[in-house]
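Note that these values count all heavy atoms, side chains included, but never hydrogens, waters or copies made by symmetry. Since we're looking at a predicted model, the values are computed, not measured.
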Amino acid sequence: MSGGGVQGSREAGAGPLLLGVRHHGPGSARSVRAALDAARPRVVLIEGPPEADALIPLAAEEDMRPPVALLAHAVDEPGRSAFWPLAEFSPEWVAIRWALDHEVPARFIDLPATHTLAWGRDERDEGPAGRPDDPAGEMPEASRSEAPSDAHGTGPSGEDAVGDEAAAHVAVRVDPLGVLAEAAGYDDPERWWEDVVEHRGTGQGDVFEPFTVLEEAMGVLRETYGTGGHDRDLVREAYMRLQVRAAQREFGDDVAVVCGAWHVPALRRKSTVAADKALLKGLPKVKADMTWVPWTYRRLSRHSGYGAGIDSPGWYGHLFGAPDRPVERWLTKVAGLLRDEDRMVSSAHVIEAVRLAETLAAMRGRPLPGLSETTDAVRAVMCEGSDVPLALVHDRLVVGDVLGEVPQAAPAVPLQRDLDRIQRRLRLKPEALERELELDLRKENDAERSRLLHRLRLLGVAWGEPTASRGSTGTFRETWRLRWEPELSVRVAEAGVWGTTVLAAATAKAEADAVSASGLADVTALAERCLLAELPDALPTVMQILADRAALDADVGHLAQALPALVRSLRYGDVRGTATGALTEVAAGLAERVFVGLPPACAALDVEAAEEMRRHVDAVHGSVGLLGEMAAAGQGGGDDASGPSATVTVAGKDGQGAATAIPGQDPPAATAATAATAATAVPGPDGRQDAPAPAHRGLRGRWQAVLRVLSLRDTVPGVIRGRAVRLLLDDGELAQDEAARLMGLVLSPGTAPGDAAAWIEGFVGGGSGGGMLLVHDERLLGLVDAWLTGVPAEAFTDVLPLLRRTFSAYEPGVRRTLGELVRRGPGQRGSAAGAGVGIPGFGADLDGDRADAVLPVMRLLLGLDDDHDDDVANADDNDLAGVAG
């Protein structure tokens with residue numbers, strides 16, 4: 001080989017050019033490019049799976065933007081996968097692009113993925129870790145790409161499909177960089193590597209010298225430590241030697257090999273072909289497919305999972321891309337970020353930070369400022385010593401949110417193709433940076449986005465996570481938190497077994513989940529998800545299984561758990577214009593069975609079971625309330641539903657505690673703040689309203705009869721009796737005098753303190769707005785105060801935890817008001833205690849002075865003209881007074 005005009009030369013007959021690198025090292029990448037320019041090889045061999053050779057030309061496509069990764073997955077088990085991540089500053093990527101730019105063949109020479117994936121499976125099955133259950137939705141451990149040598153910067157990028165637990169049983173491998181750094185007097189391998197490689201320019205001296213020196217160092221380490229107990233390297237290196245020999249037979253010594261520096265001494269070692277083939281004999285195999293997938297800087301920064309294990313990919317990318325003055329350019333970039341976050345950072349700050357970084361480097365004996373010096377300078381000069389803005393710099397710049405792109409020509413499973421098409425049509429581009437997406441389901445494009453996200457969640461592709469909507473209580477609005485992670489590509493490939501399109505795959509998956517569901521609540525939750533995802537073909541199967549399970553399940557707890565999901569399904573179906581007639585009769589029948597079975601089921605319960613049953617009572621109460629309101633508003637949910645017919649907003653009597661339904665989550669329990677509901681019927685597209693569902697009529701009355709039974713039966717635990725009284729009081733079905741009488745009976749000396757405390761918790765606890773009830777009704781507060789002061793000392797310590805849990809749930813302002821009332825004593829201010837009329841907790845008449853004080857603010861909010869004549873103003877004031885009342 002000749003130098004080609006570039007400094008550096010190699011002796012003739014020296015064998016292949018072995019370029020040992022640190023994966024994802026910008027210094028190694030620059031050195032590789034300089035060495036290839038000098039050597040001009042006829043073929044470039046790269047550490048990686050040979051099945052990806054056909055994918056190499058795609059790296060030259062205009063729409064291929066790193067970071068990207070080679071993804072290998074087993075055809076019969078798509079969840080079994082491995083990644084080989086590559087960034088713009090990865091030496092392997094530089095070698096690929098050099099070969100394509102110079103029209104030189106490029107080939108991967110590592111152990112084929114067909115063996116890598118099978119080997120990982122065998123190790124998992126035989127190892128003590130086994131296949132773990134994974135409720136959190138993570139990839140199975142055995143399918144995670146775990147490269148022990150990546151943490152040292154010299155091993156393969158993601159070649160091993162071995163899990164964390166299995167890897168824990170493999171002998172600890174020596175850290176080559178750590179040993180070399182320690183020998184050089186460094187306590188930090190990263191800092192040593194930066195000083196000797198990253199800060200070393202390539203414009204002077206022999207371009208091959210860094211590789212020669214590194215090869216010698218690795219040779220000594222291997223002689224001292226061997227393979228570090230990692231025998232798989234021996235097999236991989238045997239395969240690589242065979243591939244190098246094959247290239248030499250074809251191209252002579254004009255061969256360049258780019259691989260981890262740890263492997264260079266093994267590739268240089270003389271070994272017979274027979275010995276190498278013997279090591280490869282009998283390796284397990286699986287059928288594997290490969291493609292390119294987008295990757296992220298955040299994934300490059302992780303040591304576990306699919307991460308490649310570098311701490312600062314954003315910093316490395318900057319070092320590789322900066323043509324000159326990297327420190328000045330970096331600190332300018334940091335200043336721009338801080339300015340965007342409204343921090344006062346001037347050019348003077350940048351100049352001073354550069355000076356400080358250079359001074360720190362000189363004091364620490366470093367050739368140039370590194371990341372630690374620039375970070376210290378940013379903290380001192382731009383962040384005024386605070387780590388809070390510095391954390392933002394680390395997250396946005398040192399790590400970064402870069403997401404790569406792959407061309408459309410890259411191979412993909414049909415499901416991925418369909419998903420890409422839908423994403424483009426809906427203008428919903430995957431992004432590495434987490435963002436919130438607000439959807440208005442009344443708009444067709446937003447409704448389709450919602451359906452896509454719900455279908456992907458059914459398939460286990462958790463691209464979006466539903467969250468609470470801000471500023472809206474209507475069911476027509478959804479809020480999603482979106483973030484695309486690289487392993488979602490594996491999830492998509494794994495979900496491809498269910499169908500070739502997102503709709504078909506989600507339908508098949510829903511039907512299979514319904515058949516295999518373990519409980520009634522699981523089936524009702526699945527029915528709700530099918531409606532949210534709009535899977536009409538799956539609903540008949542799900543509804544049939546739901547009806548069968550509901551008919552056979554006699555457990556009241558299971559029935560009570562299942563009812564809220566059904567009611568939400570009816571509500572969501574109305575908003576989305578989905579036919580939900582099949583759910584109506586099932587929901588009504590389920591409610592009737594709960595009414596019949598609940599009183600006997602509440603007898604003789606222990607403390608934990610009573611608390612769980614109290615939650616069931618709350619859930620059923622909220623469901624019955626929604627069913628009644630939907631029926632009253634004409635929201636029947638019949639089979640002929642043609643569009644949105646009602647929007648139900650649940651709000652408290654005092655205007656607080658508005659409840660918002662969150663897709664896929666349980667709704668807030670029906671409480672004092674959510675007892676009063678307002679339902680507004682909105683005609684469908686054809687101007688008509690659905691008729692009320694007959695099955696829902698009368699449910700509220702029958703449920704209130706059940707609550708009366710629960711409130712009076714002595715065998716029912718106190719927490720349930722107290723909650724039943726509270727719910728009846730909120731609904732206006734129980735007079736305030738009667739509620740006070742029942743409380744007085746429970747708090748009488750004849751009741752055990754523990755039972756009385758449980759009743760109080762049920763009545764005013766559990767986040768039910770009970771604090772406001774006590775604030776507005778001093779008679780109830782006086783009863784509680786009198787009982788509490790009379791609890792014997794020996795029983796007080798037993799009831800204290802329960803009472804503390806009850807009252808600690810109140811807002812600080814409510815607790816402070818209650819304390820002032822207790823300190824002042826009952827009867828010292830106006831009270832509704834003796835009113836006995838009007839809304840419970842409020843006076844009999846409006847307070848005119850207080851209402852008038854609100855009017856100016858409400859006029860300002862409503863934008864009413866202050867110049868109206870007196871008659872108009874008086875009319876407006878009267879209207880506003882009605883609203884305020």
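Among residues two or more places apart in sequence or in another chain, the ring-ring contact (aromatic ring centres under 6.0 Å, His included) test is passed with Trp93 by none. With sequence neighbours excluded, the residues that form a side-chain contact (heavy atoms from CB on, under 4.5 Å) with Val461 are Leu456, Leu459, Leu488, Arg491, Val492. Residues passing the side-chain contact (heavy atoms from CB on, under 4.5 Å) test with Arg481, sequence neighbours excluded: Glu434, Glu436, Thr467. With sequence neighbours excluded, the residues satisfying side-chain contact (heavy atoms from CB on, under 4.5 Å) with Leu392 are Leu337, Glu341, Arg396. Under the ring-ring contact (aromatic ring centres under 6.0 Å, His included) criterion, Trp484 pairs with Trp463, sequence neighbours left out. Judged as a side chain to side chain donor-acceptor pair (under 3.5 Å), and not counting sequence neighbours, Glu51 has no contacts. Considering only residues two or more places apart in sequence or on other chains, Glu103 meets the side chain to side chain donor-acceptor pair (under 3.5 Å) condition with none of them. The side-chain contact (heavy atoms from CB on, under 4.5 Å) search around Ala538 returns Thr507, Ala510, Glu511, Cys530, Leu535, not counting sequence neighbours. Judged as a salt bridge (charged side-chain N to carboxylate O under 4.0 Å, His left out), and not counting sequence neighbours, Lys333 has no contacts. Judged as a ring-ring contact (aromatic ring centres under 6.0 Å, His included), and not counting sequence neighbours, Trp292 has no contacts. When the ring-ring contact (aromatic ring centres under 6.0 Å, His included) test is applied to His394, no partner is found at least two apart in sequence or on another chain.
Under the 3.5 Å distance criterion, the side-chain polar atoms of Arg42 are left unmatched by any main-chain donor or acceptor of Ala256. Checking side-chain atoms of Arg298 against main-chain N and O of Val402 turns up no donor-acceptor pair under 3.5 Å. A donor-acceptor pair is defined here as one N or O able to donate and one able to accept, closer than 3.5 Å; no such pair exists between the side chain of Ser450 and the backbone of Asp446. Looking at Arg455, its side chain does come within 3.5 Å of a backbone N or O of Glu534 through a donor-acceptor pair. Thr114 places no side-chain N or O within donor-acceptor distance of the main-chain N or O of Lys285, the cut-off being under 3.5 Å. With hydrogens and angles disregarded, no donor-acceptor distance shorter than 3.5 Å links the side chain of Glu465 to the backbone of Leu482. Side-chain atoms of Thr501 never come within 3.5 Å of backbone atoms of Asp418 as a donor-acceptor pair (strictly under, hydrogens ignored). Under a 3.5 Å cut-off, the side chain of Arg107 and the backbone N or O of Ala247 do not form any donor-acceptor pair. Looking only at distances, no side-chain donor or acceptor of Arg80 sits under 3.5 Å from a matching main-chain atom of Ala118. Judged by distance alone, the side chain of Arg241 and the main-chain N or O of Leu267 form no donor-acceptor pair under 3.5 Å.
Taking the six-membered ring where the residue is Trp, Tyr316 and Phe89 present perpendicular rings, their angle passing 60° and hence far from 30°.
The environment of CD in Glu88 is sparse: at most 12 heavy-atom neighbours from other residues, nucleotides or ligands sit within 6.0 Å. Atom CG of Asp76 is surrounded by 12 or fewer heavy atoms from other residues, nucleotides or ligands within 6.0 Å.
Here Thr291 contributes atom OG1 and Asp289 contributes atom CG; the two are 9.0 Å apart, rounded to the nearest 0.5 Å.
When only modelled atom types and interatomic distance are considered, Trp98 and Asp37 share a side-chain donor-acceptor pair under 3.5 Å. Between Glu92 and His24, the side chains place no donor N or O within less than 3.5 Å of an acceptor N or O (distance only, hydrogens not considered).
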Show me, pair by pair, the donor-acceptor contacts under 3.5 angstrom made by side chains of residues 57-73, not counting sequence neighbours?
| unit_1 | atom_1 | unit_2 | atom_2 | d |
| --- | --- | --- | --- | --- |
| Arg65 | NH1 | Glu405 | OE1 | 3.0 |

Worksheet item: Taking it one step at a time, do Arg483 and Glu431 satisfy side chain to side chain contact (heavy atoms under 4.5 Å, CB included)?
Response: CA-CA 6 Å; Arg483 183 170 185 169; Glu431 297 180 76; over 6 Å; no
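Between Phe108 and Trp84, the ring centre distance reaches or exceeds 6.0 Å.
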